[in-house]
Every structure is written in structure tokens, then in C-alpha cells.
Number of protein chains: 2
Amino acid sequence: MSLRYALLALLRVGPLSGYELQKLFSESVGHVWHAPDSQIYPELKRMEANGLIQGEDQTRGERGRRRIYHVTDAGTADFSDWINGPLDYSRVRDPAHLRAAYLESASPEAARDFLAAHAAQHTELLHRWQDEIARIRSGSHPMVQRRLAAIPESERERAVEFKVFAYEGLAQRAESEIRWAEQGLRLLDRLS
Amino acid sequence: MSLRYALLALLRVGPLSGYELQKLFSESVGHVWHAPDSQIYPELKRMEANGLIQGEDQTRGERGRRRIYHVTDAGTADFSDWINGPLDYSRVRDPAHLRAAYLESASPEAARDFLAAHAAQHTELLHRWQDEIARIRSGSHPMVQRRLAAIPESERERAVEFKVFAYEGLAQRAESEIRWAEQGLRLLDRLS
DNA sequence: CTAAACATGTAAAGCGTTACATGATTCG
DNA sequence: CGAATCATGTAACGCTTTACATGTTTAG
């Protein structure tokens, strides 16, 4: 259900075509809520069927066409309900910690590879989050750029602060995962 | 696909009926990989169809019956492939951080509620992980009890250490989430 | 006898992944 | 004229959730 609100969050700032939305998505909200285009187009159709957004067809050249969507009042209300309502937490389902719990059954090399890969995975994510924070702060982020025109100065600061806050949380989590993997590597050393 | 290996991990220690497995599951591996019984029974059927486990029917009283499953050689091999193979990480899809990124659109009270609930959620998890660690170390954990009979002294220490390691990772993550939520509450104070 | 625990599922719907599929336009 | 980019999807499959569904045995 969150995909819907991730899309709505972008569309609220201004009308977009499915394609534009998808491009913008992948370099902004898509970082915290991944979705491929094959999921975005059908979801837009469903949202239109539900009255949350309204699309209008445009022509492009001779035969080209595209559909520009904008948020309806019902869509604005729905987004507001979501952002102000409770969030339900899904049950824990964690492949890495599941595996870690049974690592005595793996070969020492495989165990080491797993932990090194875990650290590498989260190091990559950490860099991504740090880059995003830098881009948001510097104003070069596409999301921030769109907002410049859409919201007043006063709201802008709040918007930037919350985005940075969100990505800092992800960065801290990544750091925590890296520390954990390193603890695991030291544990392997001790046990061998 | 991980559910399969979570089940195999338990069955490897010794044969169990679906019901026993499900009970044991919910108080051990189920903490890191949740699954309801309605998912466990069909998965057992599928695993048997794939030759990873073999079931045998037992009678219970007059008309009662139950099916006891044990792991086959193919199942052991499959588990080994999984534990020694690479783990693929799924794309980021995080409802809490998605919401945090758009928190400027929420009312101040709703934002505060959200962050307080996030801290509460992870405080509860933290306690769960800490309890699990204590239970594992003290040997009162059902999983550890079953292992006592099944594996030699030398392997036992390794098994316990890795379980503790896994739950410590989850505890550290919970602590990180709580710190983040508290940072968010302070940010709200600053912005108001 | 009745409640708790034992025992095992089915059905429907939604979400997500992967692969496939097609065509138009613009820029160099 | 060819490549990149614009533009929009469908199909099949698998996992997860939620709700429903049914019956037996044992202990008090």
C-alpha cells in the first residue's frame, strides 16, 4: 500500500506523466521504497480508478501520446490520512539474521564470505545515503528542486530537515549493520 | 524462499510433526522469520513434493492422525547449498523512513505520535531480543535444548555463539532505531 | 462434559519480481 | 539512419496475509 503514497508524495508537488514520475521516482523516493516501472504504471491506473488521481492524454508528435496525472481532492485527503495515521509494522522477516543464527552449519569460508558481503552491501548503502544527504542539503536534489517552486520558504526548511532526518536514520542503520558484520568476523577468528 | 530453510533448520535436528514444528517455530526461528501456520503446512507439502523432507503418518487415539516429517539427503544438501551460498539482498522498502521523509506534511501531533510509536515498537523488539539472548545463554531456550541431544559438545558452543550473535545484531538495530526516533522528537522540538 | 490443546488445512486477495513486449520521437 | 530516450504496458509466478474451516484428544 505504501507505493501508492510514495507516488502521491511526488504527484502532490505537480502533475507528471507516468514516465516522468517513474524517472523522478527512481532517483528520489525510490531510494526508500523501490518499485520497478512494471509496478508503477498499473498502480497509476488503479489510483485513477479509485479517484485519487486524474489523468489527461496529451499528444506527442504525430502518433505519440502520454498521460499526465494530477492529484484530485480525494487523493490529497487520502495522502493526509496516511501521513497522519498510524503506521503498522510488519512482522520481522530477516534473511541475514536468519542465516547468522545458523552460521555454525556453514563452512568457515562461506561464513566469512557472508559477513564480508553483508558489510559490503551496507557500505554501499551507507554511501548512497550519505550522497543523498549531501544532495539534499546542497539543493541539487531533483525533489528539492521541484519543491522550490511549489512551497513557501518557511515550509522548505522543514521539508529539507525531514528528508535529511530520514536518510540519516538509514545511514545509522547501515553503520550498525557494518559494525555487526565486523563483530561477526572477529567471532569467526575467535572460534577458529 | 527463506521459510523453507527456516523449517529445514529445525527439522535437521530431528523429526517433527507439522504441529510440533509450528509451535517450536513460533518460539525460535519465528522470531527472525515470521510465518503463520497457514503458511507452514502448505510449505511442508511443497517441500515433501520436492523431495526435501519425507513424511510418515502416525495414528493418535481412535481417529486422530499426524504426519511426522524428517529431512532427506536431498534436503540436507539443499540446506547446505543455501547456508554456504550467497545471500541476495532485496531492494529497500521501508515504510517508516518513507513516512519520515514526508513528515513536514503531517500535523505536529501526528509526527510526534509516529516517532513515539516507532521508539515504542523498537523498544518492545529490543526487549524481545534481550530475552532471547538470556534464554539462549542460560540454556533454557527450546532450540538449544533440542540441540543438546543432537550435537557434540564442541559444536554446541559454536551454535550458541552464532545464535547470540544473530540476536545481538537485531538488538543493536533496535537500539539504533530508538536513537533515531529520539533524534526525530528533538528535531520536532527545534522546528516548532 | 467442556475447555484447552492437538492437528491440519483451504481460499481469496494483494503485493512484488521477472521476463517479455511494443512502438514513437529526437538528436547527432 | 541508428541509438538513446520517451512512453506504456502485459503475463506468469511466487510469497504473504487474512479469514475461514474442521475435526480429535486429553486433562480436569
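Values below: every heavy atom of this structure, side chains too, minus hydrogens, waters and symmetry copies. Computed from a predicted model, the values in this text were never measured in an experiment. Each chain gets a letter, A, B and so on, in the order its sequence line appears, and its residues count up from 1.
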Figure out the [atom1]/[atom2] separation between [X] and [N], and round it to whole Å.
{"X": "Tyr89(B)", "N": "dT17(C)", "atom1": "OH", "atom2": "P", "result": "17 Å"}
{"X": "Glu48(B)", "N": "dT8(C)", "atom1": "CD", "atom2": "C1'", "result": "14 Å"}
{"X": "Tyr19(B)", "N": "dA4(C)", "atom1": "OH", "atom2": "P", "result": "13 Å"}
{"X": "Asp37(A)", "N": "dA19(C)", "atom1": "CG", "atom2": "C1'", "result": "12 Å"}
{"X": "Arg65(A)", "N": "dG23(C)", "atom1": "CZ", "atom2": "C1'", "result": "10 Å"}
{"X": "Glu43(A)", "N": "dG16(C)", "atom1": "CD", "atom2": "P", "result": "9 Å"}
{"X": "Leu3(A)", "N": "dG16(C)", "atom1": "CG", "atom2": "P", "result": "7 Å"}
{"X": "Asn50(A)", "N": "dG14(C)", "atom1": "CG", "atom2": "C1'", "result": "13 Å"}

**Study point:** Nearest-nucleotide comparison on DNA chain C, the residue closer to the 5′ end among Ala35(A) and Lys23(B)
**Key:**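 Of the two residues, Lys23(B) wins.
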Review point. Hey, which of these two, Arg91(B) or Pro42(B), hits DNA chain C nearer its 5' end, going by closest nucleotide?
Key: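 The residue mapped nearer the 5' terminus is Pro42(B).
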Minimum heavy-atom separation for [X] and [Y], please, with both atom names.
{"X": "Ile136(A)", "Y": "Tyr167(A)", "answer": "CD1-CD1, 3.5 Å"}
{"X": "Ala35(B)", "Y": "Leu3(B)", "answer": "CB-CD1, 3.7 Å"}
{"X": "Ala111(A)", "Y": "Leu103(A)", "answer": "CB-CG, 3.8 Å"}

Exercise for review: Establish, yes or no, whether the cationic atom of Arg99(A) lies under 6.0 Å from the six-membered ring centre of Trp82(B) and within 45° of the ring axis.
Suggested key: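 Here Arg99(A) passes the 6.0 Å and 45° test against Trp82(B).
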Point to revise | Phosphate-side-chain proximity, Arg60(B) and dA7(C), N/O vs OP1/OP2 below 4.0 Å | key: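 Looking at the OP1 and OP2 atoms of dA7(C), one of them is under 4.0 Å from a side-chain N or O of Arg60(B).
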Exercise for review: Give a yes/no answer on whether the side chain of Arg63(A) brings an N or O atom under 4.0 Å of OP1 or OP2 in dT22(C).
Suggested key: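 For dT22(C), neither OP1 nor OP2 has a side-chain N or O of Arg63(A) closer than 4.0 Å.
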Practice item. Begin from the C-alpha positions of Tyr89(B) and His118(A) and carry the test side-chain hydrogen bond (donor to acceptor under 3.5 Å, both in side chains) through to its verdict. Key: CA-CA 9 Å; Tyr89(B) 289 86; His118(A) 192 76; 2.7 Å; yes
Point to revise | First and last nucleotide of DNA chain D, 5' to 3', lying under 4.0 Å from heavy atoms of chain B | key: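 First and last nucleotides in contact are dC15(D) to dT25(D).
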Check your understanding: Within a radius of less than 6.0 Å around CD of Glu27(B), do more than 12 heavy atoms belonging to other residues, nucleotides or ligands occur?
Key ->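 Above 12, so yes.
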Check your understanding: With a non-hydrogen cut-off below 4.0 angstrom, is Ser38(A) in contact with a base, only sugar-phosphate, or nothing?
Key ->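 Ser38(A): base contact, heavy atoms under 4.0 Å.
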Review point. Can the ring centres of Phe165(B) and Trp180(A) be said to be less than 6.0 Å apart?
Key: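 Ring centres of Trp180(A) and Phe165(B) closer than 6.0 Å.
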